[in-house]
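Inspection log for the structure reproduced underneath, given as structure tokens.
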Amino acid sequence: MNPLVQVAVKTPVYGVFDYRWKSPLPAVAGTRVTVPFGRRQVIGIVVAAIEHSDVPAAKLRAVHKVHDEKAILPEDLMTLLKWASRYYHYPLGEVLGSALPSLLRKGHAATLAEREYFRSTPQDESSTDVRVTVVQKRLLDHLRGSGGRPVAPDSLRALSPRWRHSLEPLIEQGLVACDTAIEVPRNEAAEQGPTLSDEQARAVEAVNAKLGTFASFLLRGVTGSGKTEVYLRCIEEVSRRGLQVLVLVPEISLTPQLMSRFERRISGCLVNLHSGLNDTERLQNWLCAYEGHADVVIGTRSSILAPMPRLGLIIIDEEHDGSLKQQDGFRYHARDLALMRARNRQCPVLLGTATPSFESIHNVTAGRFVELALTRRAGDAVAPTMGLLDIRRRKLIEGMSDRLLDAIREHLGRGGQALVFINRRGFAPTLLCNDCGAAADCRRCDAHMTVHARHNRLRCHHCGSERALPSVCDSCGSAELDRVGYGTERITEALQIEFPEIDIARIDRDSTRRKGALEAQLNRANSGEARILVGTQMLAKGHHFPKLTLVCILDADRGLFGTDFRSLEHMAQLIVQVAGRAGREKQRGAVLVQTRNPDNPMLQTLVKEGYESFAEIAMSDRRLAELPPFSFMALVRAEASDAREAHGFLVQVADSLHANKSGRLDVMGPAPAPMERLGGRYRAQLLLQSNLRSTLNDSLSRLCTVIDQLPGARRCRWSIDVDPVDLF
DNA sequence: AGCACGCCGACT
DNA sequence: GTCGGCGTGCTC
């Protein structure tokens with residue numbers, strides 16, 4: 001009897017199938033195989049070798065091809081991914097697939113690219129009268145002159161564009177030898193780190209003391225307190241021990257400063273994994289991690305699934321950041337996977353932020369995380385002063401109060417820079433008819449369209465559809481159209497009128513879409529050429545503008561009344577992050593928050609006492625309301641082109657849950673999603689909440705079985721989101 | 001996801 | 001009579 005294997009295949013329903021193993025190689029879990037699936041051939045991952053299959057022998061088919069000799073997904077990753085498949089209720093085949101670079105999913109060989117090197121042979125050294133061309137003479141001289149070290153093609157190309165043509169005869173004659181070697185990037189540190197503060201030194205020591213065991217640290221450091229320096233010192237120590245470090249950052253392309261800082265400080269093999277890489281680069285860097293050549297891997301969310309044979313430490317920068325949660329498909333949270341992975345691998349996790357997520361604060365309170373605090377800013381910098389600006393009954397110029405404009409004038413006068421933060425791009429969020437009151441709405445979403453004045457267009461920021469800016473109202477034909485509300489474009493325009501001599505840089509997704517445009521804008525900001533910066537949350541993260549002394553936050557009120565129970569938390573994090581851009585050098589910074597709710601206790605606490613006090617109060621509200629992190633949530637979403645279809649589907653799903661009575665489970669809905677219509681499809685959702693993780697998990701498992709058997713489940717697109725961050 | 005199977009309207 | 005529309009179900 002042939003041995004049997006289970007193979008995970010990328011398919012939304014089952015995912016794991018049994019096959020006959022016909023290869024002379026032993027079956028290894030984590031290797032890629034091509035298997036017949038239906039009438040196609042697909043690539044799957046071997047999950048296990050099994051003794052017996054419940055599938056009738058006649059149905060079992062043979063593995064067609066074996067791609068790898070050793071596991072492409074090492075055992076520890078397989079364990080993590082299998083766990084994640086169960087935890088997030090997402091098919092194993094899809095989960096395993098998401099851990100592989102796309103070229104490997106398509107069957108590309110898992111080998112690092114090789115590079116040719118050339119050197120002069122002993123035969124060449126001894127020969128005296130070889131007849132060579134001028135170009136060949138030049139090539140030989142260069143090779144001889146390199147002192148026996150192999151020479152890369154690049155430097156030969158510099159000698160002659162047709163270098164290979166000239167070189168080949170020399171190789172044939174045995175004068176030049178060609179070797180191949182794998183290409184592994186190497187980085188040389190160019191600078192030394194500063195002396196650590198006591199707090200930094202204590203933090204580094206605490207982490208280093210736990211290397212080789214599982215421990216979780218929350219590095220809570222105010223902006224500018226030198227969290228990155230702590231990361232760098234820990235990385236140095238882990239490298240010294242011959243282990244690898246995995247560093248997760250929010251969006252690497254938005255933080256070139258952070259990336260170059262790592263490059264200046266770390267010696268060894270440093271690779272990136274982020275969305276800006278093409279498939280080949282991504283594969284090469286992934287393989288560097290997989291083969292253990294990489295000492296440090298820096299990447300975005302999905303890097304948490306990168307194979308690291310000598311993993312010694314996981315660092316997550318900006319651990320509160322929403323981008324750590326995948327918002328479609330396999331909806332994992334990179335922070336939670338990191339904790340699970342570190343526990344399995346017995347290595348520490350270091351989570352850094354100025355504004356911890358409530359989940360992490362809760363974990364500190366519960367004793368699961370050790371808190372490391374950095375309370376002082378580096379150098380002479382002191383924390384900026386924060387103040388609320390009551391704009392009720394005040395004269396506003398394009399949404400900005402006179403006091404705000406005065407403050408900008410004052411800071412500019414003293415040679416400072418001002419940042420105006422408004423988390424809305426475009427000119428105005430709404431176009432209203434003055435006669436009939438109708439707003440210009442998106443035809444595919446339940447949303448107003450945003451006015452983009454510069455391009456004379458209306459755009460929907462939810463589905464991306466756009467149309468020409470109408471000159472008359474769609475509903476009544478009136479020409480009295482009002483652009484209501486403010487976006488970065490309008491604010492920039494207004495400030496330019498107010499400060500005609502001043503150079504203003506607008507930094508949002510629209511103004512930085514073109515390649516290199518973001519760098520160009522950031523350069524203008526850093527050099528001090530631009531004196532006023534207007535931008536969205538793109539400006540909130542990680543940037544360091546030396547001359548910036550004033551931060552103005554225009555629309556803080558929006559977060560106070562969000563639809564989501566996390567709106568307040570996110571608003572506070574955003575305000576603190578933006579505020580942190582001010583006064584990072586000698587001049588003390590100031591932060592002004594415009595509001596129509598100056599008496600709001602949450603806003604007051606945040607501004608007067610800071611994030612920590614704010615979080616304490618906001619979290620006690622969460623506890624009373626039994627919301628996460630004091631309970632566990634999952635969201636079942638459904639969307640269909642017919643609203644009744646999506647709702648009906650969820651009614652059936654909900655019924656199956658009510659029928660079962662084990663543990664405490666609150667089922668809310670089905671209800672229309674906060675924005676019911678999006679991109680022309682109707683969305684409904686079912687919210688599950690429990691005080692026990694296991695109850696929630698069990699309910700979801702049952703729910704999956706029910707859905708699989710549900711006729712018509714395929715007419716509607718559905719998904720399960722465990723621990724959702726946005727209830728949209 | 002694909003891909004076949006199967007059951008009803010327009011056509012050579 | 002047949003061609004082909006896409007709703008439904010399966011893939012070890």
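Quantities reported herein were computed from a predicted structural model and do not represent experimental measurements. To find a chain, count down the sequence lines: A is the first, B the second, and so on, and within it residues start at 1.
What separates CG of L60(A) from C1' of dC12(C) is a distance of 6 Å, to the nearest Å. One interatomic measurement links the two molecules: CG of L92(A) to P of dT11(C), which rounds to 19 Å at whole-angstrom precision. When rounded to the nearest whole Å, the span between NZ of K59(A) and C1' of dC10(C) equals 8 Å. Straight-line distance from the NZ atom of K10(A) to the C1' atom of dC12(C): 19 Å, rounded to whole Å. Rounded to a whole Å, the CH2 atom of W21(A) is 17 Å from the P atom of dC12(C). Atom-to-atom, CD1 of I43(A) to C1' of dG2(B) comes out at 16 Å; the value is rounded to the nearest Å. The CG-C1' distance, from D18(A) to dC12(C), rounds to 6 Å in whole Å. If you measure from atom CD of Q41(A) to atom P of dC3(B), you get 12 Å, rounded to the nearest angstrom.
With sequence neighbours excluded, no residue satisfies salt bridge (Lys or Arg N to Asp or Glu O under 4.0 Å) with D18(A).
The side-chain contact (heavy atoms from CB on, under 4.5 Å) with Q6(A) is formed by just one residue from the set L92(A), I50(A), V46(A); it is I50(A). The side-chain contact (heavy atoms from CB on, under 4.5 Å) test with V95(A) is passed by exactly one of Y90(A), W83(A), Y332(A): Y90(A).
Looking only at atom types and distance, the side chain of E319(A) has a donor-acceptor partner in the side chain of S360(A) under 3.5 Å away. Side-chain N/O atoms of T34(A) and H64(A) include no donor and acceptor closer than 3.5 Å.
Taken residue by residue, residues 30-40 of chain A places heavy atoms nearer than 4.0 Å to DNA chain C at P36(A), F37(A), G38(A).
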Mind listing the side-chain donor-acceptor pairs of residues 104-113 of chain A below 3.5 Å, one per line with the distance, residues two or more places apart or on another chain?
| from | atom 1 | to | atom 2 | distance (Å) |
| --- | --- | --- | --- | --- |
| R105(A) | NH1 | G97(A) | O | 3.0 |
| R105(A) | NH1 | L100(A) | O | 2.9 |

